[in-house]
A.B. asks: 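Encoded as C-alpha cells, here's the structure I'll be asking about.
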Amino acid sequence: MADELRTLSNKSWRPSSLFEVPWREHAELIAALFSGALVLFAWIFEGSLSPATYITLHIIAFIIGGFAKAKEGIEDTIQEKELNVELLMILAAIGSAAIGYWTEGAILIFIFALSGALETYTMNRSQKEISSLMDLQPEEATLLTEGRHEVVNVSSLRVGDHILIRPGERVPADGAILKGESSIDESTITGESVPLTKGKDEDVFAGTVNMSGSLTVEVNKPSNETVFQKIIQMVQSAQSEKSPSQLFIERFESTYVKVVLAVVAIMMVLPHFVFGWSWMDTIYRAMILLVVASPCALVASIMPATLSAISNGARKGLLFKGGVHVENLSHIEAIAFDKTGTLTKGRPEVTDAIFSEDIDQRYAIQMTASIENESNHPLAKAIVAYANDMDIPLTGVEQMNDVSGNGVTATIDKTEWKIGKPEFVGKNEAYQFESGIAETLASQGKTVIFLKKSDRIIGLFALKDTVREDTRKAIEGLRKRGVYTIMLTGDNPMTAAAIAEEVGIDQFIAECMPEQKVDELKKMKNHFNHVAMVGDGINDAPALATADLGIAMGEGTDVALETADVVLMKNNLPKIVQAMKLSEKMNRIVKQNVVFSIAIITLLIISNFLQVLDLPLGVIGHEGSTILVILNGLRLLKG
C-alpha cells in the first residue's frame with residue numbers, strides 16, 4: 001500500500017515531476033472511480049445481464065482498478081526480491097473471483113485503488129511547499145553585457161555576472177547590489193512582512209521582490225545554490241528519509257506477508273480435515289483470511305502522517321530533513337544553544353554613550369561616527385548606525401589609520417582623535433573616566449571603547465550583542481516542557497553570565513572553542529537520553545553533527561544549514577517549542593494508527609475463524625481501516 005510513496009520519495013527530484021505528480025494523482029483516482037462505477041453497474045443490473053457480460057464487466061474493473069498496483073507490486077518484488085502488500089491484495093482479489101465472488105474481489109480492488117490515490121494525494125500535499133517555492137523563483141533574468149540588456153535563462157547565470165532587476169520584478173539570483181537602492185520584500189525568505197531598504201554592497205536573495213528602485217546586482221551564487229534551492233533540497237531530503245517506526249514497519253512487512261501466505265496455504269487444506277469444513281468453506285475462509293490479514297492499514301499508519309507533519313512544518317518555517325527528526329524531536333531532554341546569532345542578533349548595538357559634562361554630545365557622536373565610517377569593523381558599523389538613528393550628519397575625515405586589534409586614529413580639522421581599547425587611549429585615564437563607569441558597564445557583558453580628543457578622554461561607547469526579542473519566550477517555553485537549557489559560547493565569562501541571566505538559561509559555559517563545544521555535547525549526552533544543539537555558524541557545525549538533533553538558524557552559514565537536521569527558516573526560536581508539539585502530535589497519531597490497525601486485523605481474523613465474517617464485510621473492514629488511518633494522518637496538514 002505504501003510502496004508508491006516509497007517509490008516517489010526515493011526518486012531524484014526533477015522539475016518536470018511537479019507536472020507529472022498531479023497527473024498521476026488524477027489518473028489513479030479516475031481509474032479507481034471508474035472501476036467502482038463498473039462494479040456498481042454490474043451489481044444493480046445483475047439480473048438483466050448475461051453471465052458472460054457480468055463476468056466481463058468485473059474483469060474490466062479488475063484490470064482498470066488494479067493494473068497500477070499489480071504492476072508496482074510485481075516490479076518491486078523483482079527489484080527488491082521481497083514480497084509486498086500489493087501482491088497480497090491482488091492475490092486476494094483473484095482468489096475471490098476464482099471461487100465465484102466476483103463482486104467482492106472487484107470491491108477489494110476498488111477500495112485498494114482508492115486508498116492508493118489517497119496516499120498519492122498525501123505525497124502531493126507534502127510537495128506543495130516545493131511547488132509554491134519554485135513558482136516564486138523567476139526563470140529568466142536580464143543580463144548586462146557591454147552596455148546591452150540580454151534576457152537569459154536563470155540557469156545560465158554564472159558567479160560574477162551583472163544583472164538588472166527592475167521595480168516590481170522578483171530577484172532571479174542571489175547576489176550583491178552594485179548600483180541602486182530599493183525596498184526589498186523578503187517575506188518569502190524570512191517571513192518578515194516589512195520590506196527592507198537595501199543599497200550598495202548589500203545582499204539580495206532569489207525569490208524576493210524588488211519593490212521600488214532599479215538595481216544592478218552581481219551574482220554571487222550559482223542558480224542551484226540559492227537560498228530557494230537549499231530549501232527545496234532540504235524538503236526533498238526530508239521526504240526520502242524515513243523514521244525508525246517507518247523503517248521497522250517496512251522490514252516487518254515482507255516477513256508478515258510471507259507468514260500470511262504460508263498460513264493461507266495451510267488454511268486452504270487443514271480445516272477441511274480437522275474441522276470437517278466443506279472444500280468451498282475452507283477455500284472461502286482462506287480467501288477472507290488473505291484479505292483481512294493483509295497489513296495495508298499498518299503499513300499506511302506512519303508514512304502519510306510523517307509527510308503531513310513535514311509539510312505542516314515547512315509551511316510554518318520549520319524544515320525537517322527527514323521523518324526521523326520529526327519523530328525524535330519530542331524526546332529531547334536538553335538543548336545547547338550557541339550565543340552569537342542564535343540567542344542574540346549576532347550584531348553589536350550601542351547601549352550607552354557617556355561623555356564629559358563640558359562636551360557637546362552630538363558633536364562627539366558626529367566625530368566618532370565620521371571616523372568609524374571609514375572602518376568595516378562590526379563595532380564601527382554599530383556606532384555609525386547609532387549616529388544615523390539620531391540623524392547626526394557625518395563629516396569628512398582627513399586621515400584615518402586602523403591599528404589592528406586596538407582601535408583607530410584620525411585627524412579632523414587638524415585635531416587628532418583616538419578611538420579604541422583602554423590600553424590604546426591610556427589605561428589609567430580610561431578606568432578613571434566618570435568615576436570608573438567602564439568597569440560597571442563591562443560587568444554587564446558590554447564592550448567598552450573610548451573616545452580621546454588630543455590628549456584627553458572625552459567619552460565612551462558601550463556596545464552589546466543584544467538578545468533577540470523572542471529568546472526569553474523560547475527559553476521559558478522549553479522550561480515549561482522540562483527541557484534543560486545550556487549556552488555554549490566563545491565569549492568571556494562576564495559577557496556569558498550577563499546574557500545567560502538576561503534570557504533565563506539554566507547553565508552557561510564560556511570561552512568554548514568548536515572542539516570544546518563538541519566535548520560539552522558529549523558530556524550532556526551522558527546525562528540526558530536525547531540532546532539537541534541550536535547554532536548558526538561554521539564553528540557550530542561540529543556540535544550540530546554531534547548532537548542527537550541539530551537545529552540551525554535560517555540566516556546561518558551554509559555549513560550549519562547543511563549539517564543541521566532541522567532549520568528555523570524565520571530565525572524564530574519559539575518555533576522549537578511548536579516543532580516539539582508537532583512531533584508529539586505526529587507520534588500520538590502514529591500510535592493511534594498502529595494500535596487501531598492491529599486491533600482491526602486481529603478482530604477480523606478471529607471473526608473469520610469463528611465463521612461469522614463474510615467476504616464483503618472483510619473487504620470493507622480491511623480497506624475501510626486503511627482509509628481511516630490515512631485520513632487520521634492527514635489531520636497533521638492542518639494547524
A.B. asks: Mind checking the OG-CD1 spacing from Ser625 to Ile598? Nearest 0.5 Å is all I need.
C.D. replies: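 If I round to the nearest 0.5 Å, the distance is 11.5 Å.
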A.B. asks: I'd like to check Trp102 versus Ile59 (side-chain heavy atoms, cut-off strictly below 4.5 Å). Are they in contact?
C.D. replies: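 Result yes, sub-4.5 Å side-chain heavy-atom pair found.
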A.B. asks: In Å and rounded to the nearest 0.5 Å, what is the CG to CG distance from Asn153 to Leu143?
C.D. replies: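 One gets 12.0 Å once the value is rounded to the nearest 0.5 Å.
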A.B. asks: Would you say that Asp174 contacts Val219 through its side chain, given a criterion of any heavy-atom pair below 4.5 Å between the two side chains?
C.D. replies: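 With C-beta onward as the side chain, the pair stays apart.
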A.B. asks: Classify the ring geometry between Phe273 and Trp279 as parallel (under 30°), tilted (30 to 60°) or perpendicular (over 60°).
C.D. replies: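 Perpendicular.
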A.B. asks: Closest heavy-atom contact between Pro172 and Glu140?
C.D. replies: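 Nearest pair, atom of Pro172 first, then Glu140: CB-O, 3.9 Å.
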A.B. asks: Test Met267 against Asn608 for side chain to side chain contact (heavy atoms under 4.5 Å, CB included), laying out the working first.
C.D. replies: CA-CA 11 Å; Met267 182 79 174; Asn608 182 42; 4.3 Å; yes
A.B. asks: Write down the atom of Leu549, the atom of Val566, and the distance for their closest heavy-atom approach.
C.D. replies: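 Heavy atoms of Leu549 and Val566 come nearest at CD1-CG2, 4.2 Å.
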A.B. asks: Give the minimum heavy-atom separation between Val171 and Ala173, together with the two atoms involved.
C.D. replies: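 Scanning both residues completely, I find the closest heavy atoms to be CG1-O, 3.1 Å.
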A.B. asks: Show your working on side chain to side chain contact (heavy atoms under 4.5 Å, CB included) between Asn593 and Ile589 and close with a plain yes or no.
C.D. replies: CA-CA 6 Å; Asn593 286 347; Ile589 285 177; 3.8 Å; yes
A.B. asks: If you round to the nearest 0.5 Å, how far is CG of Leu289 from CG of Leu261?
C.D. replies: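 Here the interatomic distance stands at 10.0 Å.
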A.B. asks: Check whether any side-chain heavy atom of Phe320 lies under 4.5 Å from a side-chain heavy atom of Leu329, and answer yes or no.
C.D. replies: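 Touching, per the 4.5 Å side-chain cut-off.
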A.B. asks: With rounding to the nearest 0.5 Å, note down the distance linking OG in Ser301 to CD in Gln592.
C.D. replies: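 It comes to 10.5 Å.
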A.B. asks: Looking at Ser583 and Glu327, what are the two nearest heavy atoms and their distance?
C.D. replies: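 Taking every non-hydrogen atom into account, OG-O, 3.5 Å.
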A.B. asks: Does Thr142 reach the side chain of Ile165, with side-chain heavy atoms less than 4.5 Å apart?
C.D. replies: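 Thr142 vs Ile165: side chains apart.
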A.B. asks: Under 30°, 30 to 60°, or over 60°: which ring-plane class applies to His331 and His530, parallel, tilted or perpendicular?
C.D. replies: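 Because their plane-to-plane angle lies in the 30° to 60° range, the rings of His331 and His530 count as tilted.
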A.B. asks: Do Arg481 and Ile576 make a side-chain contact, defined as non-hydrogen atoms from C-beta onward lying under 4.5 Å apart?
C.D. replies: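 Of all side-chain heavy-atom pairs linking Ile576 with Arg481, none is under 4.5 Å.
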A.B. asks: Of the non-hydrogen atoms in Ile288 and Asp614, which two are nearest, and what is the gap between them?
C.D. replies: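 That would be CD1-C, 3.8 Å.
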A.B. asks: Do Met553 and Val534 have side chains that approach each other closer than 4.5 Å (heavy atoms only, starting at C-beta)?
C.D. replies: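 Yes, close enough: below the 4.5 Å cut-off.
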A.B. asks: Evaluate Ile184 against Val209 for side chain to side chain contact (heavy atoms under 4.5 Å, CB included), listing each step before the verdict.
C.D. replies: CA-CA 6 Å; Ile184 307 293; Val209 181; over 6 Å; no
A.B. asks: Any non-hydrogen side-chain atom of Met580 less than 4.5 Å from a side-chain atom of Val483?
C.D. replies: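 Yes; the side chains approach each other to less than 4.5 Å.
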A.B. asks: For Trp43, does the CH2 atom sit with more than 12 other heavy atoms under 6.0 Å from it, leaving out its own atoms?
C.D. replies: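 Count not over threshold, so no.
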A.B. asks: If you look at every heavy atom in Arg170 and Gly207, which pair is closest and at what distance?
C.D. replies: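 Smallest interatomic distance, heavy atoms only, reads NH1-O, 2.6 Å.
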A.B. asks: Output the distance between atom CE (Met569) and atom NZ (Lys575), rounded to the nearest 0.5 Å.
C.D. replies: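 Met569 CE to Lys575 NZ: 12.0 Å, rounded to 0.5 Å.
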A.B. asks: Taking Arg158 for the side chain and Ser156 for the main chain, is one N or O donor matched with an acceptor at less than 3.5 Å?
C.D. replies: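 It does hold such a pair.
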A.B. asks: So, do Val154 and Ser223 sit near enough that their side-chain heavy atoms are less than 4.5 Å apart?
C.D. replies: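 Result yes, sub-4.5 Å side-chain heavy-atom pair found.
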A.B. asks: Once rounded to the nearest 0.5 Å, what's the spacing between atom CG of Leu573 and atom CD1 of Ile551?
C.D. replies: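 It is 9.0 Å, given to the nearest 0.5 Å.
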A.B. asks: For Tyr54, does the OH atom sit with more than 12 other heavy atoms under 6.0 Å from it, leaving out its own atoms?
C.D. replies: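 Yes, because the 6.0 Å sphere around OH of Tyr54 holds more than 12 heavy atoms from other groups.
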